[in-house]
Amino acid sequence: MTERILAIETSCDETAAAVVEDRARVLSSVVASQVDVHRKYGGVVPELASRHHVEAIGPVVAEALERSGVGIEAVDAVAVTAGPGLVGSLLVGVSAAKAIAWRRGVPLLAVNHLEGHIRSPFLDDPEIPFPAVALVVSGGHTSLYLCPEEGEYRLLARTRDDAAGEAFDKVAKLLGLGYPGGPIIDRLSEGADEAAVPFPKAVMKDRSLDFSFSGLKTAVRRLAQAEGIARGSAVGGEISPRVRDVVASFQRAVVAALVDGTLRACRREGIRTVLVAGGVACNRRLRRAFSEAAAEHRLSVHVPSPEHTTDNAAMIAAAGFLHLERGRHAGPALDADPNWRL
Ligand code: KG4
Ligand code: ZN
C-alpha cells in the first residue's frame, strides 16, 4: 500500500515542507531560505528566524501539498523536526505539524534533525546496505555515527569545538567574503592553489576520532592578519589570488580531516559503507575527496544530491518513515527539544 508523509523542517533558517511517498519518492520539496534576512548580521539571528518561520510556514506547506499533486487527504502521517535546533524556530514547525496531524487524524512523527540528515542519501538510493558509518557535517554539527542497522545510531566521534560548516562561515566572515561561507569558499577555491598554505590537518593528537576545527580557524586568522588580508577582501569587487589560495588551502585541510576521520572510523569498525550528509556535503572538494577515497579503499560512499544536503524537509520525511513503520508516534504533548541528542 502506498504511504505518504508530509514533513516539516524549521530547525534553523530554512522553512521547509515536503511530501514523500513510499520512503523515497519525493513528490514535492519546498525550501524557503532566510539567508537574505540574516546575511547583513553575518549569521542566524534566532528572533528573526522564528518570526520569519511564522510568516512562511503556511504558504510553504500549502505549496508543498499543491506541487505534490496529491491533497492533504492523501497524507498518512505528518513528520516534523523536534530538535536539535533553535527552540523558537523548532516550535513553529512542531505547532504547525501538530495542528495538521490533529485536524486530519493521522499520526504525528517526531524526527531528530540529525537522523533526517543521515537518511538523506536514501532519497537518491533507497537500497544502501547496512552496517554503515555516517558522517554528518553541517553548520551546527560534525559527527560520526555507526549505524549497525537501519534506524540505529551510535555516536563514534564529534567535534570538540566548531562544526565544519561553522568554520567555513567564520573564515569567510573574518576575510570579509560574505555569508554563508561554505558555498562562497567552495566557489572561490575552484582553480586556486590549495597547496599554497600548509595548514595542519585538523586531527586530534590523542587516538580519538573526534574533530577540532577552531585551531585551523585561528591559523587562518593569524595568517590573514600577518598578511593584511583580514576583512574586506572583497572590497572593490575583485578577490585577490592570494585570498583564493588561502581559502582553498583551508578547505583542503577541513576536507582532509573529515575524510581521514571517516576512513579511520571505517577501519576501526570494519565497515565498508559510508553515508555523508549535511550542508557541507554539498562541497565539491569534499565530494571529490570521498569519491577518490571510495575508489582507493574500495568503500561504497553515498553522498546525497546537492538539494538534499542542505536543510530540507524531504530528509525529515525519509526519517519519518522509519518511525511510522515502527509505530513510534508522538503524542499531542510533543515539545521541541533544542538539545535532542541522537
Ligand atoms: O545542514 P545545513 O543546511 O544546516 C545545519 O543543519 O547546520 O548546513 C549549513 C552549513 C553552513 O555552515 C554552510 O556554510 C555549509 O553548510 N555549506 C557548505 C556548502 N554549502 C553549505 N560548506 C562548504 N561547501 C559548500 N558548498
Ligand atoms: Zn541541518
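- At least one donor-acceptor pair closer than 3.5 Å links the side chain of Asn312 to the backbone N or O of Thr310.
- Put simply, Phe211 and Leu263 are part of the same group of oily side chains (I, L, V, M, F, W, Y) that touch within less than 4.5 Å, one to the next.
- Contact annotation: the side chain of Leu299 never approaches that of Thr273 to less than 4.5 Å [non-hydrogen atoms, C-beta and beyond].
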Can you give each donor-acceptor pair under 3.5 Å made by side-chain atoms of residues 127-138, sequence neighbours left out, with the distance rounded to 0.1 Å?
{"residue": "Ser138", "atom": "OG", "partner": "Gly140", "partner atom": "N", "Å": "3.3"}
{"residue": "Ser138", "atom": "OG", "partner": "His141", "partner atom": "N", "Å": "3.2"}

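- For the atom pair OG1 of Thr142 and CZ of Arg158, the computed distance is 11.5 Å after rounding to the nearest 0.5 Å.
- Pro148 is linked by a side-chain contact (heavy atoms from CB on, under 4.5 Å) to Leu146, Glu152, Arg154, counting only residues two or more places apart in sequence or in another chain.
- Hydrophobic clustering, with ILVMFWY side chains joined whenever heavy atoms are under 4.5 angstrom apart, groups Val303 together with Val274.
- Looking at every heavy atom in both residues, Arg242 comes nearest to Glu227 through NH2-OE2, 2.6 Å.
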Could you pull out every donor-acceptor pair under 3.5 Å between side chains of residues 62-70 and any protein atom, sequence neighbours left out?
{"residue": "Glu63", "atom": "OE2", "partner": "Arg67", "partner atom": "NE", "Å": "3.0"}
{"residue": "Glu63", "atom": "OE2", "partner": "Arg67", "partner atom": "NH2", "Å": "2.2"}
{"residue": "Ser68", "atom": "OG", "partner": "Leu65", "partner atom": "O", "Å": "2.6"}
{"residue": "Ser68", "atom": "OG", "partner": "Val70", "partner atom": "N", "Å": "3.1"}
{"residue": "Ser68", "atom": "OG", "partner": "Val70", "partner atom": "O", "Å": "3.0"}

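- Sorted by first and then second residue, the salt bridge (charged side-chain N to carboxylate O under 4.0 Å, His left out) pairs with a member in residues 313-326 read Arg23-Glu325, Glu150-Arg326; sequence neighbours excluded.
- We find the CZ-CZ distance between Arg187 and Arg244 to be 9.0 Å, quoted to the nearest 0.5 Å.
- Distance CG/Leu156 to OH/Tyr145: 9.5 Å, rounded to 0.5 Å.
- With no hydrogens or angles considered, a side-chain donor-acceptor pair links Glu9 and Thr81 at under 3.5 Å.
- No side-chain N or O of Ser50 forms a donor-acceptor pair with one of His52 less than 3.5 Å apart.
- Of all the heavy atoms in His117 and Gly279, the pair that sits closest is CE1-N, 4.3 Å.
- Taking the salt bridge (charged side-chain N to carboxylate O under 4.0 Å, His left out) definition, one finds that Arg160 meets it with Asp206, Asp210, sequence neighbours left out.
- In this structure, the separation between CG on Leu48 and CD on Gln34 is 8.0 Å, given to the nearest 0.5 Å.
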So Ile5 and Val19, side chain to side chain contact (heavy atoms under 4.5 Å, CB included) or not? Walk me through it. CA-CA 6 Å; Ile5 288 183; Val19 180; over 6 Å; no

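- The shortest distance between side-chain heavy atoms of Asp245 and Val197 does not fall below 4.5 Å.
- In this structure, Gly139 and Ala163 approach most closely via the heavy-atom pair O-CB, 3.6 Å.
- In terms of heavy-atom proximity, Gly178 sits nearest to Ala172 at O-CB, 3.7 Å.
- Counting heavy atoms from C-beta on, the side chains of Val106 and Arg4 never come closer than 4.5 Å.
- Arg119 contributes no side-chain N or O that, together with a main-chain N or O of Ile316, makes up a donor-acceptor pair within less than 3.5 Å.
- Not one N or O on the side chain of Asp311 forms a donor-acceptor pair closer than 3.5 Å with the backbone of Glu14.
- Under the 4.5 Å side-chain heavy-atom criterion for ILVMFWY residues, a single connected hydrophobic cluster contains both Val280 and Val254.
- Under the 4.5 Å side-chain heavy-atom criterion for ILVMFWY residues, a single connected hydrophobic cluster contains both Leu342 and Leu155.
- When the side chains of ILVMFWY residues are joined at heavy-atom separations under 4.5 Å, either directly or via intervening members, Met315 and Trp340 end up in two distinct hydrophobic clusters.
- Annotation: side-chain contact (heavy atoms from CB on, under 4.5 Å) contacts of Asp169 (sequence neighbours excluded): Pro180.
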For residues 214-224, which side-chain N or O atoms pair as donor and acceptor with protein atoms under 3.5 Å away, sequence neighbours left out?
{"residue": "Ser214", "atom": "OG", "partner": "Asp161", "partner atom": "OD2", "Å": "3.4"}
{"residue": "Lys217", "atom": "NZ", "partner": "Asp162", "partner atom": "OD2", "Å": "2.9"}
{"residue": "Thr218", "atom": "OG1", "partner": "Ser214", "partner atom": "O", "Å": "2.8"}

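- Atoms NE2 and OG1, from His53 and Thr15 in turn, are 4.5 Å apart once rounded to the nearest 0.5 Å.
- Taking the side-chain contact (heavy atoms from CB on, under 4.5 Å) definition, one finds that His323 meets it with Leu109, Glu115, Arg328, sequence neighbours left out.
- Contacts of Phe250 classified as ring pair (Phe, Tyr, Trp, His ring centres under 6.0 Å), with partners at least two apart in sequence or in another chain: Phe168.
- Although no hydrogens or angles enter the test, the distance criterion places a donor-acceptor pair under 3.5 Å between the side chain of His38 and the main chain of Val45.
- Judged as a salt bridge (charged side-chain N to carboxylate O under 4.0 Å, His left out), the pairs with a partner in residues 284-293 (not counting sequence neighbours) are, in order, Asp186-Arg284, Glu190-Arg284, Glu194-Arg285.
- Taking both residues in full, the closest heavy atoms of Leu209 and Gly261 are given as CD2-O, 4.0 Å, listed atom of the first, atom of the second, then distance.
- For the residue pair Thr309 / Glu307, no side-chain donor-acceptor distance below 3.5 Å is found, with atom types taken as modelled.
- Annotation: salt bridge (charged side-chain N to carboxylate O under 4.0 Å, His left out) contacts involving residues 27-49, sequence neighbours excluded, comprise Asp36-Arg39.
- Contact between Ala82 and Ala110 at its shortest, heavy atoms only, is CB-CB, 4.1 Å.
- The shortest side-chain heavy-atom distance between Leu286 and Gln251 does not fall under the 4.5 Å cut-off.
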Show every donor-acceptor pair shorter than 3.5 Å between a side-chain atom in residues 86-102 and any protein atom, with sequence neighbours excluded, or say none if there are none.
{"residue": "Ser95", "atom": "OG", "partner": "Leu91", "partner atom": "O", "Å": "2.6"}
{"residue": "Lys98", "atom": "NZ", "partner": "Pro332", "partner atom": "O", "Å": "3.2"}
{"residue": "Lys98", "atom": "NZ", "partner": "Leu334", "partner atom": "O", "Å": "2.7"}

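- Taking CD1 from Ile184 and OG from Ser189, the interatomic distance works out to 11.5 Å, rounded to the nearest 0.5 Å.
- Looking at Arg25 and Asp22, their side chains come closer than 4.5 Å, going by heavy atoms from C-beta outward.
- Asp124 contributes no side-chain N or O that, together with a main-chain N or O of Pro304, makes up a donor-acceptor pair within less than 3.5 Å.
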